[in-house]
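Counting convention: from 1, in listed order, for ligands and their atoms alike.
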Amino acid sequence: MKADWSRRADENIGALLLDAPAIRKRVHELGDQITGDYRGRNPHLIAILKGACIFHADLVRAIDLSLSMDFIAVGSYGNAARTSGEVRLLKDLDESVEGRDVLLVEDILDTGLTVHYILQNLGSRGPRSLKVVTLLNKPSHRQVDVPVDYVGFEIPDHFVVGYGLDFKQRYRNLPEIRILSREALGG
Ligand code: IMP
């Protein structure tokens with residue numbers, strides 16, 4: 001990684017897909033919807049690391065309820081732009097989900113393998129309810145059907161970065177979401 005990299009100056013990242021105000025607006029709409037749907041309950045929002053951490057951080061602050069949080073990490077992509085099709089647990093939850101209203105928070109649904117694996121895993125631990133919120137849905141490469149309860153944006157088949165999403169661990173700190181250029185993907 002170049003030491004002098006500036007997210008604002010690097011024009012090779014790629015075209016803008018969703019700017020920060022559009023993301024903020026949609027995250028607040030999702031927060032309002034979740035607040036209404038879970039009224040009278042205390043949802044337990046589980047972020048899938050690392051990609052969902054920024055979305056999760058903004059979403060929990062847009063929900064006007066007493067809630068709790070946890071984090072889970074799975075491996076699927078490694079450092080490449082393509083999935084290996086294999087999912088493995090890298091970091092388990094800190095707390096039990098038994099009897100809780102779990103809302104799984106994902107950054108992007110691509111093949112669906114990651115969320116499918118986690119839903120099966122968490123489903124066997126006795127949560128009271130188990131739902132999924134994803135900021136982005138990229139349905140073109142779906143390999144398994146996954147039930148998604150809340151979607152921020154449907155996006156076309158592009159590799160995107162920013163707002164938590166990375167390419168080779170870079171670009172997560174972009175405040176907007178960009179389509180990674182062919183030059184950046186190849187370089
Ligand atoms: P899935 O298992 O194929 O649904 O992939 C989900 C994971 O792949 C996400 O949590 C992301 O980490 C990663 N991923 C899928 N598409 C993209 C993308 O366009 N940009 C960055 N990461 C992606």
Side-chain angles (χ1 to χ4, degrees), residues 1 5 7 10 12-20 22-23 26-27 30 45-60 69-93 102-124 130-187:
M1 195 188 299
W5 176 75
R7 65 188 183 202
D10 190 343
N12 293 326
I13 296 173
L16 181 68
L17 183 66
L18 297 163
D19 64 15
I23 298 170
R26 188 68 188 121
V27 170
L30 289 171
L45 277 85
I46 298 177
I48 305 177
L49 298 175
K50 304 174 193 159
C53 67
I54 291 177
F55 174 43
H56 184 260
D58 284 345
L59 183 65
V60 292
M69 304 188 254
D70 207 342
F71 302 88
I72 195 168
V74 293
S76 59
Y77 271 68
N79 263 349
R82 234 170 278 123
T83 180
S84 64
E86 281 173 40
V87 181
R88 63 201 172 95
L89 193 60
L90 299 177
K91 183 221 168 289
D92 204 350
L93 301 172
V102 173
L103 185 51
L104 194 60
V105 182
E106 176 62 310
D107 53 356
I108 184 167
L109 263 177
D110 186 16
T111 63
L113 291 168
T114 305
V115 167
H116 177 77
Y117 171 85
I118 297 175
L119 283 178
Q120 295 229 309
N121 186 306
L122 299 189
S124 68
L130 182 53
K131 289 189 173 183
V132 177
V133 53
T134 185
L135 179 68
L136 306 175
N137 186 26
K138 197 163 70 168
S140 42
H141 290 156
R142 196 60 41 83
Q143 289 183 24
V144 280
D145 252 350
V146 272
V148 194
D149 302 279
Y150 306 95
V151 175
F153 302 93
E154 299 277 342
I155 65 161
D157 181 20
H158 294 298
F159 195 84
V160 294
V161 293
Y163 198 70
L165 291 144
D166 76 306
F167 176 61
K168 297 187 179 178
Q169 300 303 325
R170 292 175 64 193
Y171 309 121
R172 291 194 198 274
N173 59 328
L174 283 174
E176 69 274 357
I177 293 176
R178 291 185 172 273
I179 298 169
L180 200 66
S181 69
R182 285 185 187 282
E183 295 75 32
L185 258 171

State the atoms of ligand 1, each with its element, that fall below the 4.0 Å cut-off from a heavy-atom position in D166. 21 (C)
Any side-chain heavy-atom pair from N137 and R142 closer than 4.5 angstrom? yes
Return yes or no for this condition: an N or O of F159 is under 3.5 Å from an N or O of ligand 1. no
Give the atom numbers and elements of ligand 1 that come within less than 4.0 Å of a heavy atom of T114. 1 (P), 2 (O), 5 (O), 6 (C)
Near E106, which atoms of ligand 1 are under 4.0 Å from a heavy atom of that residue? 6 (C), 9 (C), 10 (O)
Under 4.0 angstrom from ligand 1, any heavy atom of G51? no
Find the distance between NZ (K50) and CD (Q169) and round it off to the nearest 0.5 Å. 3.5 Å
Closer than 4.0 angstrom: is that true for some heavy atom of V161 and an atom of ligand 1? no
Show the atoms of ligand 1 that are less than 4.0 angstrom away from any heavy atom in L165. 21 (C), 22 (N)
Per-atom contacts, ligand 1 versus H158 - under 4.0 Å to a heavy atom: 19 (O)
Return the CZ to CD1 distance between R172 and I54, rounded to the nearest 0.5 Å. 8.5 Å
Could you check whether any side-chain heavy atom of I72 comes within less than 4.5 Å of a side-chain heavy atom of N121, counting everything from C-beta outward? no
Ring-plane angle category for F167 and F159, please: parallel below 30°, perpendicular beyond 60°, tilted otherwise. perpendicular
Can you find a non-hydrogen atom of D107 under 4.0 Å from ligand 1? yes
Non-hydrogen atom of K138 closer than 4.0 Å to ligand 1: yes
Heavy-atom neighbours of D145 CG exceed 12 at 6.0 Å: no
